[in-house]
Amino acid sequence: RFDRKIVLELPQRVARRKILDVHVRKIPLADDVDLDEIASLTIGFSGADLRNLANEAALHAVKEERKKVCMTDFDFAHDKVRMGAQRTDILNPQERRRIAVHESGHAAVAHYLPNTDPVHQVSIIPRGQALGMTEQLPEEDRHNYPEAYLKSRMAIMLGGRCAEQLVFGDVSTGAADDLKNCTELAKRMVAIWGMSEKLGPVHYHIGDEHPFLGYELAQEKDFSEQTATLIDEEVRRLVEEANLLAKSTLEQHRDKLEALTERLLKDETLDHDAVVEVLG
């Protein structure tokens, strides 16, 4: 029937737990495997992702010559599914240090600002298209995002770039995606969610992303050039405010930023407890 529309949302924690039960039925699990914890750590995973997670964990256990799949295997699989497979790139010491500073900047801003999700893991091991990764996981499934959370989120995105500028005195191309995502978020706050006092509680159509091709479809604007200029000004204001917030936070905790950088260079990957240990 063409008049019916069925929307399949991503599974929530309880649903993820039940999906995991299905995919681990034939997998021998060690006593330390906690499926409730795995369900909590897989926010944003689809059913296919959870199936892939179980398969990757089983494959890793086989490679390690274990007869049962343990929690370490699921941790490895989680990182691979969420962040991609490890790459074998050999980074020179200068580039490796810059990446460590960049990721430490993201993690430090996320740690010290209010209204943020906890830092789950920080890594300078190249995975997928990224040379490093700072992963945050909310404590529970989210459906609504307040303005304060979004502003902190923007500051976190710019934290890596600010850390590079603070430590090295310049910036690199590594912040390209951060700048893009931060600008897109600011644009949505201003034009779609009514989070600008100058524009008020009005929705402005700024284009739809094509669900398959991944780019914005060219559509006629439903607002004037004067409004477009105002939107640009407000987007720039929000991004600059986020940049100043990230910069001031890192300047205030410069010693902790450097300590986290050195720890990352030593261990390459830090979990939540290790990050808290360094940053306090």
Side-chain angles (χ1 to χ4, degrees), residues 7 9-10 43-44 102-103 105-119 130 134-166 171-253 257:
V7 179
E9 300 286 351
L10 291 174
I43 294 174
H102 185 100
E103 298 305 329
H106 286 309
V109 175
H111 180 79
Y112 290 117
L113 286 185
N115 306 304
T116 62
D117 297 321
V119 177
T134 299
E135 183 184 14
Q136 293 174 260
L137 288 180
E139 296 176 339
E140 55 187 12
D141 294 296
R142 284 183 174 271
H143 303 88
N144 196 21
Y145 300 93
E147 185 176 357
Y149 174 89
L150 297 175
K151 288 183 176 180
S152 292
R153 184 66 192 153
M154 291 171 61
I156 295 168
M157 292 176 183
L158 299 177
R161 185 177 186 273
C162 288
E164 289 187 46
Q165 198 166 30
L166 183 63
V171 295
S172 69
T173 59
D177 279 345
D178 297 330
L179 291 173
K180 175 185 175 183
N181 294 332
C182 184
T183 305
E184 287 297 323
L185 178 55
K187 189 182 297 184
R188 288 180 172 274
M189 291 173 66
V190 170
I192 296 178
W193 298 325
M195 295 179 180
S196 167
E197 291 185 3
K198 287 187 177 181
L199 289 165
V202 182
H203 177 279
Y204 297 100
H205 187 77
I206 56 175
D208 293 324
E209 184 175 292
H210 195 285
F212 301 108
L213 302 181
Y215 59 82
E216 287 188 353
L217 295 174
Q219 295 185 0
E220 185 178 354
K221 294 179 180 178
D222 58 358
F223 48 86
S224 67
E225 290 300 324
Q226 182 180 358
T227 301
T229 301
L230 192 56
I231 290 174
D232 290 340
E233 291 175 353
E234 286 295 275
V235 168
R236 184 180 183 86
R237 177 185 63 82
L238 283 176
V239 173
E240 288 180 345
E241 287 179 356
N243 191 68
L244 288 174
L245 179 58
K247 183 179 180 182
S248 62
T249 302
L250 293 175
E251 288 175 342
Q252 184 179 354
H253 301 281
L257 172 67

Discussion item. So that I can tick it off, tell me whether Lys180 and Glu184 are bridged by a salt bridge, with the cut-off set at under 4.0 angstrom between side-chain N and carboxylate O.
Written reply: no

Salt-bridge criterion met for Glu240 and Arg236 (N-O under 4.0 Å): yes

Does the side chain of [X] reach to within under 4.5 Å of the side chain of [Y], using non-hydrogen atoms?
X      : Y      : answer
Tyr149 : Asp117 : yes
Glu135 : Leu137 : yes
Val235 : Met189 : no
Glu233 : Thr229 : yes
Leu158 : Leu245 : no
Lys198 : Val190 : no
Lys247 : Leu166 : no

For [X] versus [Y], what's the shortest heavy-atom pair and its separation?
X      : Y      : result
Met154 : Ala242 : CB-CB, 3.7 Å
Ala155 : Leu113 : CB-CD1, 3.7 Å
Val239 : Ala186 : CG2-CB, 3.9 Å
Cys162 : Ala246 : SG-CB, 3.9 Å

Item to check | From CA spacing to verdict: side-chain contact (heavy atoms from CB on, under 4.5 Å), Met195, Lys151 | outcome: CA-CA 11 Å; Met195 295 179 180; Lys151 288 183 176 180; over 6 Å; no

Taking atom [atom1] of [X] and atom [atom2] of [Y], what is their separation to the nearest 0.5 Å?
X      : Y      : atom1 : atom2 : result
Gln252 : Leu257 : CD    : CG    : 12.5 Å
Leu238 : Cys182 : CG    : SG    : 8.5 Å
Asn181 : Ile156 : CG    : CD1   : 13.0 Å
Leu150 : Leu185 : CG    : CG    : 5.5 Å
Glu147 : Asn115 : CD    : CG    : 11.0 Å
Met157 : Thr134 : CE    : OG1   : 12.5 Å

Notebook entry, point to check: Will you find, in the side chains of Glu164 and Ser172, an N or O donor that is under 3.5 Å from an N or O acceptor?
Noted result: yes

Check against side-chain contact (heavy atoms from CB on, under 4.5 Å), Leu250 and Tyr112: CA-CA 9 Å; Leu250 293 175; Tyr112 290 117; over 6 Å; no

Q. With no hydrogens and no angle check, is any side-chain donor or acceptor of Ser152 less than 3.5 Å from a backbone partner on Thr116?
A. no

Exercise. Could you check Tyr204 against Thr227 for side-chain contact (heavy atoms from CB on, under 4.5 Å), going step by step and ending with a plain yes or no?
Key: CA-CA 9 Å; Tyr204 297 100; Thr227 301; 3.5 Å; yes

*Would you please classify the geometry between the His203 ring and the His205 ring as parallel, tilted or perpendicular, with 30° and 60° separating the classes?*
tilted

Exercise for review: Using the side-chain contact (heavy atoms from CB on, under 4.5 Å) rule, take Gln136 and Arg153 through it: C-alpha gap first, then chi angles, then the decisive distance, then the call.
Suggested key: CA-CA 11 Å; Gln136 293 174 260; Arg153 184 66 192 153; 2.6 Å; yes

